[in-house]
There are 4 protein chains.
Amino acid sequence: MKAQVSDYCYMAIDLDGPEFLRDQVAAILRARIESGEYPPRRRIPPEAEFIEEFGVSRPTVRAALAILEDEGRIVTRRGKGRFVAGAES
Amino acid sequence: MKAQVSDYCYMAIDLDGPEFLRDQVAAILRARIESGEYPPRRRIPPEAEFIEEFGVSRPTVRAALAILEDEGRIVTRRGKGRFVAGAES
Amino acid sequence: MKAQVSDYCYMAIDLDGPEFLRDQVAAILRARIESGEYPPRRRIPPEAEFIEEFGVSRPTVRAALAILEDEGRIVTRRGKGRFVAGAES
Amino acid sequence: MKAQVSDYCYMAIDLDGPEFLRDQVAAILRARIESGEYPPRRRIPPEAEFIEEFGVSRPTVRAALAILEDEGRIVTRRGKGRFVAGAES
DNA sequence: GTGGTCTAGACCACC
DNA sequence: GTGGTCTAGACCACT
């Protein structure tokens, strides 16, 4: 059921992909944004959901989301959630 | 103050060089696993403890642990520690 | 499935509003401290556990814990947890 | 002996200063760089030393150092240490 | 009930 | 023996 990023040394989701879990999670979420699965200006799932989905720790999820925020793909609103970046404020 | 590797070998041999330290450390830890001092499926002490206990460098400890892992005696879980191999759960 | 606060009060009272939940939770926890269920200088369960146990929101739990802290019954250590107050070490 | 940043709810080093430990540590180190205590192109102490000096966790120290790196005040060399930024590479 | 900060401590990669 | 990444889980601030 879960979309495992990796099962820790058992398998990697993509052997040609990013080296670290943080970067792998970021890559998956980046793809979801670019594909429109997470549409502009819409909220993305909370941290807790990614923790469960990918089976990684909260800091790893947060590090991945920080990458996407640095890239300008998402914005964070404390207490409200994270949103896909889009035209206008 | 520190317990040198040679202490654990009961002063039986002199240290001829760092390349032997690795095997000596591995031998000590292997004995602890086989004696049950480190029981199956239990975590073994962290790298840092062996560094201090044996007075050797981190790469030496890691090389010794890699030997035991190659032998299938321990398994490694990043961020969690190393565990003595045992019956599957 | 969840243990409601009212269960812990033995259904003695009805809930007239959320402002009372805080005091009820505080009263339950106060009783646990005084009875020794939560012994001095020991950590009490984390916020999340009380949220689940009592079926109340995080702010309600935190407000209840703040009461106990004001009363000097518990102390808070960020990143570590809350502890029952007791003789100094 | 230690230059405490704060003793966790007991006192803050500067009540008008930064709100978070991370920012407080960053501010102290920033001041040392600007004062010349940590001169340009010289190595600054390792993470472990700041952990001990300030009595904070490793992630907090790293977060503080990340701020200074973002500001361009220090550069990081894996396996070698962190250095105060200075003219020329 | 979200994200924000912090603690503690593990193993990893590199020098 | 440095910095890099990761785990696990606590409390905090805000909505």
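Reminder, nothing fancy here: chain letters follow the sequence lines and each chain counts from 1.
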Sub-4.5 Å side-chain heavy-atom contact between Val56(A) and Ile51(A): no
Nearest-angstrom distance from the residue atom CD of Glu49(B) to P of dG1(F): 18 Å
Residue pair Ala64(C) / Ala26(C): nearest heavy atoms and the distance that separates them: CB-N, 3.7 Å
Between dC12(E) (C1') and Phe20(A) (CZ): distance, integer Å: 8 Å
Short side-chain N/O contact from Thr60(A) to OP1 or OP2 of dT5(F), under 4.0 Å: no
Length of the line joining Phe83(B):CZ and dT7(F):P, which is rounded to integer Å: 13 Å
Polar atom pairs (N or O), protein with nucleotides 8-12 of chain F, under 3.5 Å:
from: dA8(F); atom 1: OP1; to: Lys80(B); atom 2: NZ; distance (Å): 3.1
from: dA10(F); atom 1: N6; to: Arg58(A); atom 2: NH1; distance (Å): 3.2
from: dC11(F); atom 1: OP1; to: Arg82(C); atom 2: N; distance (Å): 3.4
from: dC11(F); atom 1: OP2; to: Glu47(C); atom 2: N; distance (Å): 3.0
from: dC12(F); atom 1: OP2; to: Arg62(C); atom 2: NH1; distance (Å): 2.8
from: dC12(F); atom 1: OP2; to: Arg62(C); atom 2: NH2; distance (Å): 3.4
from: dC12(F); atom 1: OP2; to: Arg82(C); atom 2: NH2; distance (Å): 2.8

Sub-4.5 Å side-chain heavy-atom contact between Pro40(C) and Phe83(C): no
Carboxylate-amine/guanidinium proximity below 4.0 Å for Arg30(B) and Glu69(B): no
Check ion pair Glu52(C)-Arg58(C) (N to O, under 4.0 angstrom): no
Val75(C) side chain reached by Arg82(C) side chain, heavy atoms, under 4.5 Å: no
Heavy-atom pair with the smallest gap, counting every atom of Glu49(D) and Pro45(D): OE2-CB, 3.5 Å
Base-pair map of DNA chain F as dot-bracket, where | denotes pairing with a different strand and pairs are Watson-Crick or G-U under 3.5 Å: ||||||||||||||.
Nucleotide dA13(F), atom C1' - distance to CG of Leu21(D) in whole Å: 15 Å
Min side-chain heavy-atom separation Tyr38(C)-Leu29(C) under 4.5 Å: yes
